[in-house]
Each structure stands twice: as C-alpha cells, then as structure tokens.
Amino acid sequence: PDHYMFTQKDLSAFAEHARVRKLQLITTEKDWVRLPPNFRARVAVFPVDLVFEDEKGLMGALGIDKA
C-alpha cells in the first residue's frame, strides 16, 4: 500500500530477490527518501513528474490566480 513503511525483513527480501535474478531495484523519488540511508545505494530512482493538461483550469478550480 501507499506510504507502507518497509521493514528490514522486507528490504532484505527485495535485495535477495533482485540479486538472485540479476535485477535492479527501482522506486520513485518520493519513496526513495523514505528508505534507510544504508539501503538507498542499492535502489535506482525513477523520477516522476506530474503535468496537468489544463493547468490554468486547475488553478481556477482551486481558486488560485496564476498570473
């Protein structure tokens, strides 16, 4: 689930699964910062950008005047 706090047991299982299958662990920037610092070097970051097709319309709906 979103915002799940991985345990050391979870992380060890992921690392072993990736090692055996010669896979690269990957996560978003948002979740990478939540990993323990000593585990981050094992995980590649997949950047995600949110782009609104109608940013002006969104800002208007939110009541934000974007000049």
Please name all residues satisfying side chain to side chain contact (heavy atoms under 4.5 Å, CB included) with R19, sequence neighbours left out, ordered by chain then number.
->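 Applying side chain to side chain contact (heavy atoms under 4.5 Å, CB included) to R19 gives E16.
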Go through the structure and list residues passing side chain to side chain contact (heavy atoms under 4.5 Å, CB included) with E53, not counting sequence neighbours.
-> none
Which other residues end up in the same hydrophobic cluster as V48, if Ile, Leu, Val, Met, Phe, Trp and Tyr are linked when side-chain heavy atoms come under 4.5 Å apart?
-> I26, F46
Enumerate the residue pairs fulfilling ring-ring contact (aromatic ring centres under 6.0 Å, His included) with a member in residues 13-40, sequence neighbours excluded, ordered by first and then second residue.
->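 Every pair satisfying ring-ring contact (aromatic ring centres under 6.0 Å, His included) with a residue in residues 13-40: F6-F14.
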With no hydrogens and no angle check, is any side-chain donor or acceptor of Q24 less than 3.5 Å from a backbone partner on A18?
->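 The answer is no, because no donor-acceptor pair under 3.5 Å joins these two groups.
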Would you kindly confirm whether V51 and I64 end up in one hydrophobic cluster when ILVMFWY residues are joined by side chain heavy atoms under 4.5 Å apart?
-> no
Flag yes if Y4 and V43 sit in one hydrophobic cluster, no otherwise; membership is Ile, Leu, Val, Met, Phe, Trp, Tyr, and two members link when side-chain heavy atoms are under 4.5 Å apart.
->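 Cluster IDs for Y4 and V43 match.
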Can you list every pair that meets salt bridge (Lys or Arg N to Asp or Glu O under 4.0 Å) and has a residue in residues 29-40, with sequence neighbours left out?
-> D2-K30, D31-R34
Can L11 and L35 be said to form a side-chain contact (heavy atoms from CB on, under 4.5 Å), step by step?
-> CA-CA 9 Å; L11 298 175; L35 294 172; 3.9 Å; yes
Any chance you could lay out the side-chain contact (heavy atoms from CB on, under 4.5 Å) test for D54 and F52, step after step, and finish with the verdict?
-> CA-CA 5 Å; D54 183 6; F52 294 98; over 6 Å; no
